[in-house]
Structure formats: C-alpha cells, structure tokens
Novice: 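Before I ask anything, let me first share the structure, which is written out below as structure tokens.
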Amino acid sequence: MKINQEQLDQVNKQISRLTAADSFYGKRLKEAGIFEVKTVEDFTKLPFSEKKDLRDAYPLGLMVAPEEEIVRIHSSSGTTGLPIIIPYTEKDVDDWGEMFKRCYEMAGITNLDRIQITPGYGLWTAGIGFQNGAEKLGAMVIPMGPGNTNKQLQMMIDLKTTVLCATSSYALLLAEEIEKRGIKDQIHLKKGVIGSERWGEKMRKRISNELGIELYDIYGLTEIYGPGIGISCKYDSGMHYWDDYLYLEIIDPVTGEPVPDGEMGEIVITTLVKEGAPLIRYRTHDLSRIIPGECPCGSKFPRIDVIMGRTDDMMKIKGVNVFPSQIEEILQAFPEISSEYQIRISHLDGRDTMRIYVETNGSVDFNALSKRIAEAVKSKIGFTPLVKVVELGVLPRSEKKSQRVIDERYN
Ligand code: ZN
C-alpha cells in the first residue's frame, strides 16, 4: 500500500515539527540532511525509529508539543530497563477516542450497548482507551478493570452487559467460570472486543462457543496512541486500520525493504496527525501482512492480517524468511494430525534444513501424509522441509509454544 499525496503532506508537517523541536528523530533527519519528502521513494528512505530510541528519550524527550498543550502521558510496560513515556495533547486524546469509536462501530456496537471494560487502568493505554471510545460512542461504560471475578460476573448479570472488552486469557477465564457456575442463561453478552495478543483458533472457538458471542480482534500499541488503531469486522478477514490517522508499511525485518502487498513482514507505523509525540516509520516488531483487495463488508479502510507473531520468532531457511506461525497455519489444514508438532532447524552439509515432526494415529499412510505436508509447505512458503510422521503421543507435550521450535544451528 503506497503512501499517497495527502499522507505525504501530513508527513512533511510532522517532519517540520520534529525538526523544530529537536527531538531524537528531528536530529536524525538533520544529520541525514532531510527536510522534506516529495515522493514515495523519498519516504522509504526516511530512517526508522525503534523502541530503543523511545527508551533513550526517557522521561520526556519525545515531547514535541509545548508543555501547556500536553494533557496526559501514558507509559509502556517495558520488560527491561526504563519505560517509554508518550505525551498526549488534547487533540491526540480526542483522535484516539475517535479511532476507538470507529472500532466499536465496525463491530456493530451502538450507544444502546453496555460495555464492560476489564483491561487495566493506569499508566498504560488499555482500560482508558476502551473507555474513551465507548463514551464517544455514547454507550454505557462499566469500568471494571482487571480481576475480582465475582464482582465482574455480578455486574455482568445485574447490569446486563452486552459487550465484553478483555484480553483473550481473561475472556477465557470468565467463560470457564460462567460455565462452571452454570449461569450462562443469566449472561446477556453479544460481543467481545479482544486485545491483540496472538491467540490460537482453538482458544477463540472456546471463548466464542462458551459465551455464545461474536469476537473482534483489536489492534494497537502504546507508542502509537494505544489499542483502537485497527479492528476486525464481522467478516473476520483481517483488521481494518485507520489510514487517515496512520500510515502502515510492511517491511522485510532483515533488509528493511518494503515487501509487496500480501506478503508477510514487520508492521512499521507512521503517525500522520499526532501532536504530543509523533513517530515516523516506527518498527513495531509485530508480524502481519497487508490484505490486498476490498473487504466483503465494503469498508474502504485497508486491512492487515491478524498479528502472526513477533519478528524475533523469525527463521531464515534456504534464503526464505519463515515464521513458526506460517507452518502452524499449514499444519492446521490437516485434520488427520494432532495439535502437537515440533519444528527443528539444523545446518547440515552447508545447508539449512527444517524438519517438521507431526503426530497421527495408525490408520493413516505415514509416507503419503508426510509428502502432502511437505508439498503444502513448498507451495505456500517456497522450500521443501523434511516431514516426519510419528505415532500419536510420541511428541513431548508442552504448554509453551516456543518449545515447539528448536533451532539447532547455533548450538
Ligand atoms: Zn471488513
């Protein structure tokens, strides 16, 4: 999805503000002698920004608007070192609310809905983001925050909550609790808006079946407003995102070059109208792809696929970038194999090799099955793995997805 003229004009405004404020990015542009982008090519030459840049700017180095215009900060829960502080102007808060309102509308949620918000409130962008959008929509907000399952269920029943906003794991916990207590007939939920962590199809089905609701994936990150910059629609074919506020690119995470629409890579985001802390070409390390063509829902907003993982999970086999989730997706199309699998990557005779171990029961022709799986990988990803089919129960059981991929090349 190439950047258009209007978006380029907006980027130029952001560039002049960043340069004037002498922020880390403004400095970087000055060093590179860039003061303007005129063409698509100019844009793709702009330097990236990284999480590390944001962390180095702690505490308020990202602030580009004057102090008197800043109304709030949010912070990302960094796992290591200093957190990232993002300052917001009144307009930023308002724009974010507008985007989030669109998300609810995309999900068919209206001002007659009652929205129970279970993500946390505080420094991070979760709870308050869900709330802003819901208030803009005119819906009734039930601002619970996380935890206290008894109270959650009591409110859900007594206030006849129709929409649940939650992480996938908390939605599942509530679903199981409702099942266990046998109170499903007292629950009025119709829809769930679920945070964008990567979650499997099986978990999705369980939540949706046990609660009897439609689920919508919402996307966002604190560095770029917060949740609400994109959401899936009822056709569940990727997530629409708001390209009047943001420009999204997909790049090859190794070379940094843009990849064609439809191909998997890293999401890179440029804010087009942000005032407090604009970001240009921010590398999210989230993996997805642009979904080409129009959505059956008719919305003109472009789409990215659901998040397929993180760039850190990427492997390079025979010159092809591969993500474990791609292999997983292919394996899911074979009903005769169990949900357990193992991927081993090794370097043999000067070449990278991938071996995939899958399980099935004795009634299947192991050789034919292994051939079919290898062919599916070849046609979808572009190289041929070695596929080993084993008896059901042979592979080690593990909770953690990461243990299913073993890279033996660097051992
Ligand atoms: Zn759609």
Side-chain angles (χ1 to χ4, degrees), residues 1-4 6-7 95-113 115 129-130 132-134 136-139 162-166 168 171 189-201 203-205 207-209 211-221 224-250 259-265 267-270 272 284 286-309 325-326 329 332:
M1 187 123 314
K2 287 205 167 25
I3 192 162
N4 65 36
E6 192 186 346
Q7 290 170 324
D95 286 351
W96 179 23
E98 274 303 321
M99 284 189 271
F100 216 128
K101 176 178 168 225
R102 272 188 205 167
C103 288
Y104 286 125
E105 286 167 344
M106 185 64 82
I109 295 162
T110 73
N111 57 5
L112 288 172
D113 277 297
I115 304 180
F130 281 92
N132 272 349
K136 260 196 192 298
L137 183 70
T162 58
V163 176
L164 173 68
C165 299
S168 55
L189 288 178
K190 288 186 285 194
K191 285 166 184 173
V193 179
I194 308 295
S196 66
E197 55 189 316
R198 194 172 126 59
W199 49 321
E201 201 46 42
M203 186 168 185
R204 167 184 283 274
K205 283 218 176 83
I207 298 171
S208 150
N209 289 344
L211 292 175
I213 58 175
E214 287 168 21
L215 296 175
Y216 295 86
D217 287 286
I218 200 154
Y219 182 56
L221 53 162
I224 314 283
Y225 296 99
I229 66 175
I231 191 168
S232 56
C233 67
K234 68 175 174 181
Y235 290 91
D236 205 15
S237 52
M239 299 182 285
H240 292 277
Y241 64 89
W242 319 126
D243 64 344
D244 46 351
Y245 290 94
L246 304 161
Y247 175 65
L248 264 69
E249 302 167 81
I250 306 292
V259 302
D261 287 357
E263 257 177 49
M264 176 99 82
I267 304 174
V268 172
I269 307 181
T270 296
L272 297 172
T284 65
D286 285 332
L287 290 172
S288 184
R289 61 189 190 101
I290 299 277
I291 300 179
E294 213 169 287
C295 183
C297 78
S299 166
K300 295 287 174 239
F301 287 108
R303 288 172 295 158
I304 50 169
D305 213 332
V306 289
I307 305 304
M308 303 296 284
S325 50
Q326 286 176 294
E329 204 177 88
Q332 274 174 2

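What you see is a predicted model; the values in this text were computed from it and never measured. Both counts, for ligands and for their atoms, begin at 1 and track the order of listing.
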Novice: Any pair with a residue in residues 100-110 that passes side-chain hydrogen bond (donor to acceptor under 3.5 Å, both in side chains), sequence neighbours left out, goes on the list, sorted by first then second residue, please.
Specialist: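 Counting only pairs at least two positions apart or across chains, the side-chain hydrogen bond (donor to acceptor under 3.5 Å, both in side chains) contacts touching residues 100-110 are Arg102-Asp244.
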
Novice: With distance as the sole criterion, is a donor-acceptor pair present between the side chains of Tyr247 and Glu249 under 3.5 Å?
Specialist: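 On atom types as modelled, these side chains do not qualify, holding no pair under 3.5 Å.
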
Novice: Once you round to the nearest 0.5 Å, how far does CD1 of Ile304 lie from CG of Asp286?
Specialist: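 If we round to the nearest 0.5 Å, Ile304:CD1 and Asp286:CG are 8.0 Å apart.
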
Novice: Applying side-chain contact (heavy atoms from CB on, under 4.5 Å) between Arg204 and each of Asn209, Ile194, Asp236, report the one that passes.
Specialist: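 Of the listed options, the one satisfying the test is Asp236.
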
Novice: Pick one: which of Asp113, Val163, Ile109 meets side-chain contact (heavy atoms from CB on, under 4.5 Å) with Lys190?
Specialist: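 It is Asp113; the other options fail the test.
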
Novice: Of the non-hydrogen atoms in Cys233 and Met106, which two are nearest, and what is the gap between them?
Specialist: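 Distance-wise, the nearest heavy atoms are CB-SD, 3.7 Å.
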
Novice: Around the Zn ion (ligand 1), how many protein N, O or S atoms are closer than 2.8 Å?
Specialist: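 Step by step: take the Zn ion (ligand 1), keep protein N, O, S below 2.8 Å, and you get 4.
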
